[in-house]
Amino acid sequence: MKYSRITGTGSYLPPRRLTNADLVAELAAKGVETSDDWIVERTGIRARHFAADGVFSSDLGLAAGKKALEAAGRTAEDVDLIIVATSTPDMVFPSTACILQNKLGANGCAAFDVQAVCSGFVYALAVADSMVKTGAAKCALVVGAEIFSRILDFNDRTTCVLFGDGAGAVVLEASDTPGILSSDLHADGKHVGILCVPGHVSGGAILGDPLLKMDGQAVFKLAVGLLESAARATLAKANLTEADIDWLVPHQANIRIMQSTARKLKLSMDKVVVTVDQHGNTSAASIPLALDVGVRSGQVKPGQTLLLEGVGGGFTWGALLLIL
Ligand code: ACO
């Protein structure tokens, strides 16, 4: 079997949902001023979900992964590879993938994390695709899971209104018919400072600031151009053009970035899966979450051509083209 193909999708959002009004009220109580109008106009975000204390990325990823396996008609015993894309792991080590593997009962299969922030799921799926195509794995569970609420500075209104928690997953299997057609991954470490959580653990203490820092305008300017170039490179590798795309499933950071990318690719917004309004930016979870929402709503159908694309801290960016 020379191809890899997505055979099931799943997602999970923690039950606590905060509308902009809820968040505005919570922040006002701390003396931090923002508004529903500002958040909606600048980002398109209307609500996000936050995980409860004691819940970890592996728990969200497990719930999403179980749904993806069910949709694929597979069980934990079938899984021979687990990759979790996350920047909010349960622990420093072991990997969240190992913790999730044990909770799922898939003990013994290969399991590791990929850390590429909001591009993490595109990176993880591209790695799983390579492993399935070389025969190293037959049935991979690829998960994006994040609890960004734990690394937000709720005194910084320029970042804390943007992010949410959640998880999405796909089952990727060896196939005789094409699924993943091409991918294009990049990173440029000179931009570390525009989007980072600079703190680290040392000598039993956290050194440096363990909360998210972002130069939003710098991220915005870089994101649009890089997403377009990755999208075009991915299409070229598969000898396809923008006209062949049925659905763009972008990282859900900001509706204005998604609109700009769609415009550059000459795609109508009717062909873009949008969940940022309800989820906020869930980093590595946002693409598989959006994909699952699209599939389960019946919008995104088997046989259609999808372009997934993401950009995030690192700076990292990438795109992946597939037939569902
Ligand atoms: N509520 C009210 N006012 C605010 C808020 C807020 N939450 N945040 C900022 N403002 C104010 C600023 O203080 C500023 O006021 P001033 O003009 O009096 O100085 C004004 O709004 C405009 O601020 P800007 O930063 O210029 O706003 P901008 O239009 O650039 O929007 C935003 C900010 C939404 C962050 C935008 O830059 C953006 O979306 N950037 C990309 C972010 C992104 O996608 N990040 C995720 C990348 S993926 C990853 O790896 C995590």
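Numbers for residues simply follow the sequence, beginning at 1. Not measured: the values here are computed from a predicted model. Just follow the structure's listing: the first ligand is 1, and inside any ligand the first atom is 1.
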Check your understanding: Any N/O of Q217 closer than 3.5 Å to an N/O of ligand 1?
Key -> yes
Review point. So is T159 in contact with ligand 1, going by heavy-atom distances below 4.0 Å?
Key: no
Point to revise | Location of contacts on V311 toward ligand 1, heavy atoms closer than 4.0 Å | key: backbone
Study note, to complete from the structure: With heavy atoms and a 4.0 Å threshold, my read on which part of T43 contacts ligand 1 is side chain
Review point. Looking only at N/O atoms, are I257 and ligand 1 under 3.5 Å apart anywhere?
Key: no
Exercise for review: Quick one: look at T34 and ligand 1, take heavy-atom pairs under 4.0 Å, and tell me if it's side chain, backbone, both or neither.
Suggested key: both
Exercise for review: Between L195 and ligand 1, find which residue part has any heavy-atom pair under 4.0 Å and reply side chain, backbone, both or neither.
Suggested key: side chain
Review point. Do ligand 1 and R157 have nitrogen or oxygen atoms that lie under 3.5 Å from each other?
Key: yes
Exercise for review: Anything under 30° is parallel, anything over 60° is perpendicular, the rest tilted; go ahead and classify F50 against F154.
Suggested key: perpendicular
Exercise for review: Pick, from G314, G120, G216, the option with the minimum heavy-atom distance to atom 40 (N) of ligand 1.
Suggested key: G216
Exercise for review: Could you tell me which atoms of ligand 1, counted from 1 in the order shown, lie closer than 4.0 angstrom to a heavy atom of C118?
Suggested key: 48 (S), 49 (C), 50 (O), 51 (C)
Review point. Does S283 come within less than 4.0 angstrom of ligand 1, counting non-hydrogen atoms of the residue?
Key: no
Review point. To which protein heavy atom is atom 46 (C) of ligand 1 closest, and what is the distance rounded to 0.1 Å?
Key: N281 ND2, 3.3 Å
